[in-house]
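Chain letters run A, B, ... following the sequence lines, proteins first, then strands; residues in each count from 1. The basis for the numbers below is simple: all heavy atoms, side chains too, and nothing from hydrogens, waters or symmetry mates.
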There are 2 protein chains.
Amino acid sequence: MGDMNTAPDPAAARHRWLTDEEQRIWRAYLHATTLLEDHLDRQLQRDAGMPHIYYGLLVSLAEAPRRRLRMTELAMKAKITRSRLSHAIARLEKNGWVRREDCPSDKRGQFAVLTDAGHEVLRRTAPGHVSAVRQALFDRLSPEQQKALGEIMEIVAEGLQPNEAGADLPWLR
Amino acid sequence: MGDMNTAPDPAAARHRWLTDEEQRIWRAYLHATTLLEDHLDRQLQRDAGMPHIYYGLLVSLAEAPRRRLRMTELAMKAKITRSRLSHAIARLEKNGWVRREDCPSDKRGQFAVLTDAGHEVLRRTAPGHVSAVRQALFDRLSPEQQKALGEIMEIVAEGLQPNEAGADLPWLR
DNA sequence: CCCGACTTGTTCAAGTTTCAAGGAGCTGCC
DNA sequence: GGCAGCTCCTTGAAACTTGAACAAGTCGGG
């Protein structure tokens, strides 16, 4: 980008660059999402002792029936690889917030189960986290902007869904 | 969140939860930004051999006068800590894409300088990266949505700027 | 029943990020 | 001059993420 905009390189020649306006939008996007993620990560690290994604795992478990999910299912919900989840659950287990349980119907399977301690951490920290989100995002946007944001994000997410029409590849990647 | 919505806990009582609609928007946001970041990270790792943020460092350098920036300046542009940048530049240096130079006027200072090899990597991979961004984002949004996205992201970013009114703390954190 | 193909979850190694600490140089004030 | 308090950047260790490889279990066809 930038000073490469004028490159006469043939490979780039048939390539459509971003307009100035698109570039402005894209940089605003990167800037804002970076800052927001850092902000929430720090807020949760400070108040709950875990990064945002780990918090999200606990939330998913809290919402699940019997507060448990199969590893793969949880990985899909959180959009992370099974490998990453495995490590994450190991850490949360060490904290006593999650416990593993064998799946009776499939001996390969494992459930991640939210413990009472895990539930308690959520109960204690959820209000602060919601406040942080509200303060950083919703409080600053008009109702129309909120609506637009939701629509835009749904479109973008849909476009990147790994399980698009006909793609019956392994769920991620 | 979720099944905690009805918690009668006094600490949470004076707390405003997210409405269903807000929650829908927030989850769409998380979902989309996660997928997009992963997507671009993988695209760049595959085609350029580096994660998105490292690519961004090279772009910043390419745009700077004499293709060089002081470490702190570059860290600010990229919104990362100096420590992280230090490690990152060390890696890019190993790749031969960046080189360090002492600052003549301040002996503490270091310049990160984009090498010819670094510039070449950018030239070769920028088109593919731009395509990926366009395909995932701009091609899917109407002009109005693009405009709205830019405005929203500018608002959010502004709200999280570390250097807000009166906050003369160290630039980040 | 048995085999090949697939799924599930983990592990290992390599790479990245964070956090706290520290060395070195600058700056202003006495 | 000299010294306190800053800024600049790096370092090292711990935490986290990634991708590939793997053991174990399931499944369906022959």
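At whole-Å resolution of the value, CD1 in A/I53 and C1' in D/dT18 are 13 Å apart. One atom, NE2 of A/H52, and another, C1' of D/dA15, lie 18 Å apart when rounded to the nearest Å. One atom, CE of B/M76, and another, P of D/dC8, lie 8 Å apart when rounded to the nearest Å. Atom CE of B/M50 and atom P of D/dT17 are 23 Å apart (whole Å). The interatomic distance linking A/D38 (CG) with C/dT17 (C1') rounds to 11 Å, in whole Å. Here the P atom of nucleotide C/dT17 and the CG atom of A/D41 are 13 Å apart, to the nearest Å. Whole-Å rounding puts the B/N95 CG to C/dG15 C1' distance at 12 Å. The nearest whole Å value for the distance from the CG atom in A/D102 to the P atom in C/dG9 is 11 Å.
Contact check, B/R70 against D/dC9: a side-chain N or O comes under 4.0 Å of OP1 or OP2. A close approach under 4.0 Å does occur between a side-chain nitrogen or oxygen of B/R91 and OP1 or OP2 of C/dT16. Put simply, A/R82 has no side-chain N or O that comes within less than 4.0 Å of OP1 or OP2 on D/dT18. The shortest distance between the side-chain N/O atoms of A/R100 and the OP1/OP2 oxygens of C/dT10 is below 4.0 Å.
Contact annotation for A/L85: no contact, since no heavy-atom pair falls under 4.0 Å across all strands. Using a 4.0 Å heavy-atom cutoff across all strands shown, A/I89 reaches no nucleic acid atom at all. Residue contacts for A/Y54: at a heavy-atom cut-off of 4.0 Å it reaches the sugar-phosphate backbone alone, with no base atom in range. Residue-level contact check: B/R46 touches neither bases nor backbone, having no heavy atom under 4.0 Å from any strand.
A donor-acceptor contact under 3.5 Å is formed by the side chain of B/H87 with the base of D/dG12. You'll find a donor-acceptor pair under 3.5 Å spanning the side chain of B/R108 and the base of D/dT7, going by distance alone. Contact of A/S83 with D/dG19 (side chain to base): a donor-acceptor pair of N or O atoms is detected under 3.5 Å.
Between the side chains of B/D41 and B/Q45, not a single donor N or O lies within less than 3.5 Å of an accepting N or O. Between A/E144 and A/S142, the side chains place a donor N or O and an acceptor N or O closer than 3.5 Å (distance only, hydrogens not considered).
Just one residue in the list B/Q23, B/H31, B/R24 forms a side-chain contact (heavy atoms from CB on, under 4.5 Å) with B/R27, and that residue is B/Q23.
Heavy atoms only, all atoms of each residue included: A/Y55 and A/H129 are closest at CE2-CD2, 3.5 Å.
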Query - Working for side chain to side chain contact (heavy atoms under 4.5 Å, CB included), residues B/L137 and B/Q146 - result: CA-CA 9 Å; B/L137 191 67; B/Q146 296 183 15; over 6 Å; no

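For B/R84, taking side-chain heavy atoms from C-beta onward, the closest of the listed nucleotides D/dC16, C/dG9, C/dT17 is C/dT17. Which of D/dT11, C/dT10, D/dT17 sits closest to the side chain of A/Q110 comes down to C/dT10.
Residue whose closest nucleotide on DNA chain C sits further toward the 5' end, between B/S105 and A/Q45: A/Q45.
Ion pairing of A/K77 with A/E73 is absent here, as no side-chain N (NZ or NE/NH1/NH2) approaches a carboxylate O to less than 4.0 Å.
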